[in-house]
Amino acid sequence: MSIRGKRLRPPGRGPLRRFGIGLLAAAAVATVTLAGSGQASASASAKVTVPASAGAAKAAAAKPAAQPAAVQPAAVPAAPAGFTTTWSDDFNGAANTGLNTDTWRYDAGAGWTFGTGEIETMTNSTANVYQDGSGHLVLKALHTGTDPAANWTSGRVETQADGFGAQPGGVVRMQASIQQPNVTTANGAGYWPAFWMLGSPLRVGVPWPGSGEVDILEDINGRSSVFGTLHCGVGSGGPCNETSGVGSGERACSGCQTGYHTYAVEVDRSTSPEQIRWYLDGANYFTLSSNQVDAAAWANAVDHSFYIIFDLAIGGGFPAAFGGGPNAATVSGGQLNVDYVAVYNKSPDHGTNIAKGKPTTSSSNESATFPASNATDGDITTRWSSGFSDPQWVQVDLGQNYDLTHATLTWEAAAASAYQLQTSTNGTTWTTVYTNNNSPADLQDTNLSATARYVRVYATSRASQYGDSLYELALYGTPSSGGGDPGGGTATLLSQGKTATASSSENASFTASNAVDGNTGTRWSSAFSDPQWLQVDLGASHSISQVVLNWEAAAGKAYQIQTSSDGANWTTVYSTTTSTGGVQTLPVTGTGRYVRVNGTARTTQYGYSLWEFQVYGT
């Protein structure tokens, strides 16, 4: 029963957009009254880093809360039957260390800016947020001074990744083992612990609550309770009865202050109507079906990805609805302790993902942090992100022709609003096999009927001002009896991981081996002069049918592709004097153990620079 979700400072989208979306000015916090079922809520977030208040976060608590006895951490449980583990964290860092900011964001700032009436200041100090050295994340609320309504600090963190969700026809389970703050109704007034998740569209400006929020655990005022809630629709009233939301109401949670208990939610898109199910220690205590909510509001709030949040708030509208706080009896030092958090998925069985780990290239990369290879690495927490313009593409080379049956795409919040799936047998001539002109969500799948070696996502319009950003492209099918190269044979990527040498390297960061490592985030770059060359030793003689050059901006304008049996005598199999760079797929015919690109003129004043040099043949 709160307005926790009305976050006034949406987060930046990553390291390069630290303050990404400036938005609304602070608004007055609405007065909250107790609704019939007393449902709870949670909120949006921001990547803002501020120091802990001087002295406040580190001061000794005048009225310390009881601290839990040392508990042996549990291993992250294996996936339930039928599920696979998508992601997890068991917080095994050293004692009194902060979180890995590649994985987590500190959502620091004054509590009033969350739009919920909270009074604490969230910090990134290890006084408030730390790993305890025994396998737990600790969020601790601290108070200084004599005024119970001022000078509180605490912690709030969220996952960097926002691709956790259920594919159409699938199920996702978010689960954590948590000990609520060890306080009671006598000394815990104002405490508001939460484990929850927000819809990824919020990160690109889709407003709360339409973007969706699912509260997995909330309790207030040391009541030893749990509330589970969905927020959707509009900010006041509407299909989800905002700002209360629709949910379980208050449920007893015996022993949840003094021991670890498991809290989970499942979003099930495999059943009709769709469902959200809430669990406490494995027992399903509340289920909400999509036909209990307006269909459009449900789809907008549920049928997409989410990111996960833990926080320990002090004060605000929700505690106020149950008597208020903090007050003079409220203790300092209460902790929300997290043993582990995990995401499990059950997906429709389409077979083996044939795109996973295959060579992947793109029209552009936002930076070296977001290379094309991230889109096919099987890791939902890494992503490809393009330049901030249209059109853009990312393509995967399956190594041979496949009869394709299915594709699934997991977009980041910065998705393509219009794109085509295109296929090719030679990497040059493309056929559109699927078109999406108004991408409705970031989790998409489609049946395919095509035979191809190459598949690309060709994005023509973006859903945000950022680039096209894709967590995963998964493809399914069976090997075709047809060929995969221009000559009709089955061509294989021969060069990846083989020994590469060059006429020069700009410095030790840009060596020849970078061009054949399969990573489009690393590159070879030569000295700033002509001519220069890069060659790869295939280890044995092969029939060469295709070469792919993925140039960095500093490309070759004039160059030759050459083959050799001995690394000394060379035969030119391709030549150009008008290259403009980019990704170039070159059908060639030749034989040799060694293949090189021999550059004779550059497009810039810099050297020749290749993200990847790929040689295919039999």
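Heads up: numbering here begins at 1 and tracks the sequence. Small disclaimer: the values here were computed from a predicted structure and weren't measured.
Listed by chain and residue number, Tyr419 satisfy the ring-ring contact (aromatic ring centres under 6.0 Å, His included) test with Trp411 (two or more places apart in sequence, or in another chain). For Phe91, the ring-ring contact (aromatic ring centres under 6.0 Å, His included) criterion is met by Trp104, not counting sequence neighbours.
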List the steps, then state whether side chain to side chain contact (heavy atoms under 4.5 Å, CB included) holds for Val129 with Thr123.
CA-CA 8 Å; Val129 184; Thr123 86; 5.5 Å; no

For a ring-ring contact (aromatic ring centres under 6.0 Å, His included) check, start with the C-alpha distance between Phe195 and Phe310, then their side-chain angles and the critical distance, and finish with the verdict.
CA-CA 5 Å; Phe195 163 41; Phe310 294 103; 4.9 Å; yes

Would you please test Ile314 and Trp192 for side chain to side chain contact (heavy atoms under 4.5 Å, CB included) and show each step?
CA-CA 6 Å; Ile314 298 293; Trp192 184 2; over 6 Å; no

What verdict does the side chain to side chain contact (heavy atoms under 4.5 Å, CB included) test give for Tyr340 and Leu137, after you've listed the backbone C-alpha separation in whole Å, the side-chain angles of each residue and the deciding distance to 0.1 Å?
CA-CA 8 Å; Tyr340 70 83; Leu137 165 66; over 6 Å; no

Before giving the answer on side chain to side chain donor-acceptor pair (under 3.5 Å), spell out for Gln257 and Asp219 the whole-Å C-alpha distance, their side-chain angles and the decisive distance to 0.1 Å.
CA-CA 10 Å; Gln257 272 73 31; Asp219 187 22; 3.1 Å; yes

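Side-chain contact between Thr101 and Arg105 is absent, with no heavy-atom pair separated by less than 4.5 Å. With contacts defined as side-chain heavy-atom distances shorter than 4.5 Å, the pair Asp162/Ser305 does not qualify. Between Val246 and His231 the shortest side-chain heavy-atom distance does not fall below 4.5 Å. The shortest distance between side-chain heavy atoms of Thr330 and Pro148 does not fall below 4.5 Å. Inter-residue side-chain proximity for Leu443 and Arg269 is flagged as met; some heavy-atom pair is nearer than 4.5 Å. Counting heavy atoms from C-beta on, the side chains of Asp107 and Asp311 never come closer than 4.5 Å. Contact check for Gln335 versus Pro181: no side-chain heavy atoms found under the 4.5 Å cut-off.
Closest heavy-atom contact between Ala414 and Tyr466: CB-CB, 4.1 Å. Nearest heavy-atom pair across Val331 and Val183 is CG2-CG1, 3.7 Å. In terms of heavy-atom proximity, His261 sits nearest to Gly255 at NE2-O, 3.2 Å. When all heavy atoms of Val265 and Met197 are compared, the pair lying nearest together is CG1-CE, 3.9 Å. Closest non-hydrogen pair, Ala301 versus Phe306, comes out as O-CZ, 3.4 Å. A pairwise comparison of heavy atoms in Asn374 and Trp384 identifies CB-N, 3.8 Å as the closest pair.
No side-chain donor from either of Gln180 and Tyr260 sits under 3.5 Å from a side-chain acceptor of the other. Side-chain atoms of Thr410 and Gln167 form a donor-acceptor pair, as typed in the model, at a separation below 3.5 Å. At a cut-off of 3.5 Å, with distance as the only test, no side-chain donor of Asn337 or His136 sits close to an acceptor on the other residue. Between the side chains of Glu250 and Ser225, a donor-acceptor pair is found at a separation under 3.5 Å. Using a 3.5 Å distance cut-off with no hydrogens or angles, the side chains of Ser211 and Asn300 do not pair a donor with an acceptor. Checking Asn128 against Ser154 by side-chain atom types alone, no donor-acceptor pair falls below 3.5 Å. For the residue pair Asn187/Thr184, the side-chain donor-acceptor check at 3.5 Å is satisfied. Side-chain contact annotation: Asp442 with Tyr471, donor-acceptor N/O pair under 3.5 Å absent. Defined by atom type and a distance below 3.5 Å, a donor-acceptor pair is present between the side-chain atoms of Thr86 and Asn345. Under the 3.5 Å distance criterion, with hydrogens and angles disregarded, a donor-acceptor pair is assigned to the side chains of Glu274 and Trp298. Side-chain polar atoms of Tyr279 and Glu266 form a donor-acceptor pair below 3.5 angstrom. In summary, the side chains of Thr287 and Asn284 do present a donor paired with an acceptor at a separation below 3.5 Å, with no hydrogens or angles considered.
For Phe164 and Tyr344, the ring centers sit 6.0 Å or farther from each other. Taking the six-membered ring for Trp and the full ring otherwise, Phe318 and Phe227 have centroids separated by under 6.0 Å.
Side chain of Asp90 to main chain of Val76: no donor-acceptor pair is present (N/O by atom type, distance under 3.5 Å, no hydrogens or angles). Checked by atom type and distance alone, the side chain of Glu118 never pairs as donor or acceptor with a backbone atom of Gly316 at under 3.5 Å. Checking side-chain atoms of Ser469 against main-chain N and O of Ser385 turns up no donor-acceptor pair under 3.5 Å.
With Phe370 as the aromatic partner, Arg383 meets the cation-pi criteria of under 6.0 angstrom to the ring centre and within 45 degrees of the ring axis.
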